Amino acid sequence: MIEFDKVTKRYKGGHEAVTDLTFSMAKGEMAFLTGHSGAGKSTLLKLLANIDRPTSGQVRVAGQLLNRMSSHQIPFYRRQLGIVFQNHHLLMDKTVFDNVALPLVIEGERPRDIARRVHAALDKVGLLDKEHERPMVLSGGEQQRVGIARAVVTKPRLLLADEPTGNLDPLLSREIMNLFADFNRVGTTVLIASHDLGLIARMPFRVMTLKGGQMIRTDRTVPYDR
Amino acid sequence: MTAKNKKGAEVRQVRFSERRDAWLRHHQTLAVDSLVEMLRRPISSMLTWMVIAIALSLPALMYLFLLNVQHVVGPIESGAQLTLYLDGAKVGQSGQKLAEDLQQRPEIAATEFVSAAQGLQQFREYSGLDDVIDSLGENPLPDVIVVKPVDTTAGSVESLKIMLEGLPEVSDVQLDLIWVQRINHISALAETLVGFLSVLFSMAVLLVVGNTIRLAIESRRAEILVVKLVGGTNAFVRRPFLYMGFWFGLAGGLVAWGLIALCFYLLSEPAAELLASVGSSGELVQLGFGGVFLLLVTAILISLLGTVIAVGRHIRAIEPS
Ligand SMILES: Nc1ncnc2c1ncn2[C@@H]1O[C@H](COP(=O)(O)OP(=O)(O)O)[C@@H](O)[C@H]1O
Ligand SMILES: [Mg+2]
């Protein structure tokens, strides 16, 4: 599903955020990306979302080479992804329903289908009763779950999340991680950047560790009982 | 075609028409939303409308003023006439006869013979210089024939003049057309000026709308970023702003119409008096249905153009990083 081949990203000013990175993820796999702040986790996800382009090397997602993608193709590529952002990126003056519906409106779905699918996504994250609220009045954890509902409402093949449990309490963090595991169980490939090592260690998924822009470890933890 | 293929084609057909319906509904929603958005900020929106309206109503009013001047001058212009000064020695007493002969010609609408004695009498009446005239002893004025041409355009009046100058009884021909020509020249000049000002004012509208849209884009920068992050195309992001530009143009055009109507209302009485005093029976030339339509379409097109320019420049620049 994901292939990085000797990928280097150098920002203006010469700083290398990721260096000579080579790894791959299979279709339907779920993995964690971890490492200290500044290790290059967000950069790696931005390369996957085609927000940034690699300075050298190749990034492929589902067989598509991202390096060569024209600016015209990028929106259509992004529609295949679900992205959960660290700072939610919600529209604060729109309702929860409208926020989650946005990717479907962009795709030109029928209002009836949109309503059905938004309700299904909100039900999954447990926010069905909040559909008419604005994100402003929701708690941090609820806002994060709205972001997740928006990311999964299109049933993407690949789900990316950057610190989705960033500032949530342990119980809530655990719930959200389980939510991602649920999506993975129905076939979605999931990659989550997180430095919550305690939480990650207790989940049965592969962990990739970045340090100074390089992959220093990639292994699987022991499956556990949920 | 196999049954299975046919079924597939039908499904695609249904799918396509559903998509089109969804697309239409999306546009309806956008049109309404952008109108609501504009009306939600009445003060700043109204400022933009007013600027558009003023910039459009000024050249429109100037153009209407010109039309009216031409409308008033037009009937007077048909009074263009030639004055033939007769050579007394050659004509003798047959001046009246010559006038009647000339009237038979197809290019001449009417003639009037004014004998030297009549001329002196007229001069005496309107000058009031009886003493001076009495002291002259002999009448210094020639016999005169006033000729009104059928075709009053400059070229044909000029050729008529040349023909009349060739008559042996005529010593001189004066064309009483100069001031009409001057008015025509001035109004041609004014037309060019109004055209030039219209272009300038249209550019002002372009810039004002462009700036308003630029601000609207800036204020929704965060939203545009999110839309692009979840796969919105530039076209999708552009759409609501284009509708906004349309509404600004329409609203500005309507206000311009209102301003012009107000101006006509204020001017109607003095204008009627002026028209009556110059003996014009006509009424003021108004904007009319076609004029209103043209005004609104122009307002919308200019506003949309300003929007397209602003949107093209600023939306592409907003990219997630
Ligand atoms: N837009 C940018 N311009 C310059 N340097 C950047 C930019 N984004 C990230 N970096 C640098 O790249 C390195 C990796 O950053 P990031 O990928 O955000 O790390 P992480 O998400 O693991 O904390 C950091 O040293 C950061 O300062
Ligand atoms: Mg980060």
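This one's a predicted model, so the numbers in the text were calculated from it and none came from an experiment. Side-chain atoms are counted along with the backbone in the values below, which use heavy atoms only and exclude waters and symmetry mates. Each chain gets a letter, A, B and so on, in the order its sequence line appears, and its residues count up from 1.
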Given that the side chain runs from C-beta out, which part of [X] has a heavy atom under 4.5 Å from chain B: side chain, backbone, both or neither?
X	value
A:Phe85	side chain
A:Arg150	side chain
A:Ile51	both

Residues [X], [Y]: salt bridge by 4.0 Å N-O rule:
X	Y	value
B:Lys228	B:Glu319	yes
A:Arg60	A:Asp5	no
B:Glu218	B:Arg221	yes

Please step through side chain to side chain contact (heavy atoms under 4.5 Å, CB included) for the pair A:Gln64 and A:Gln80, ending with a clear verdict. CA-CA 11 Å; A:Gln64 307 157 88; A:Gln80 303 169 23; 2.9 Å; yes

For B:Leu229, is it the side chain, the backbone, both or neither that has a heavy atom under 4.5 Å from a heavy atom of chain A?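 When you check distances to chain A, atoms from both the backbone and side chain of B:Leu229 fall under 4.5 Å.
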
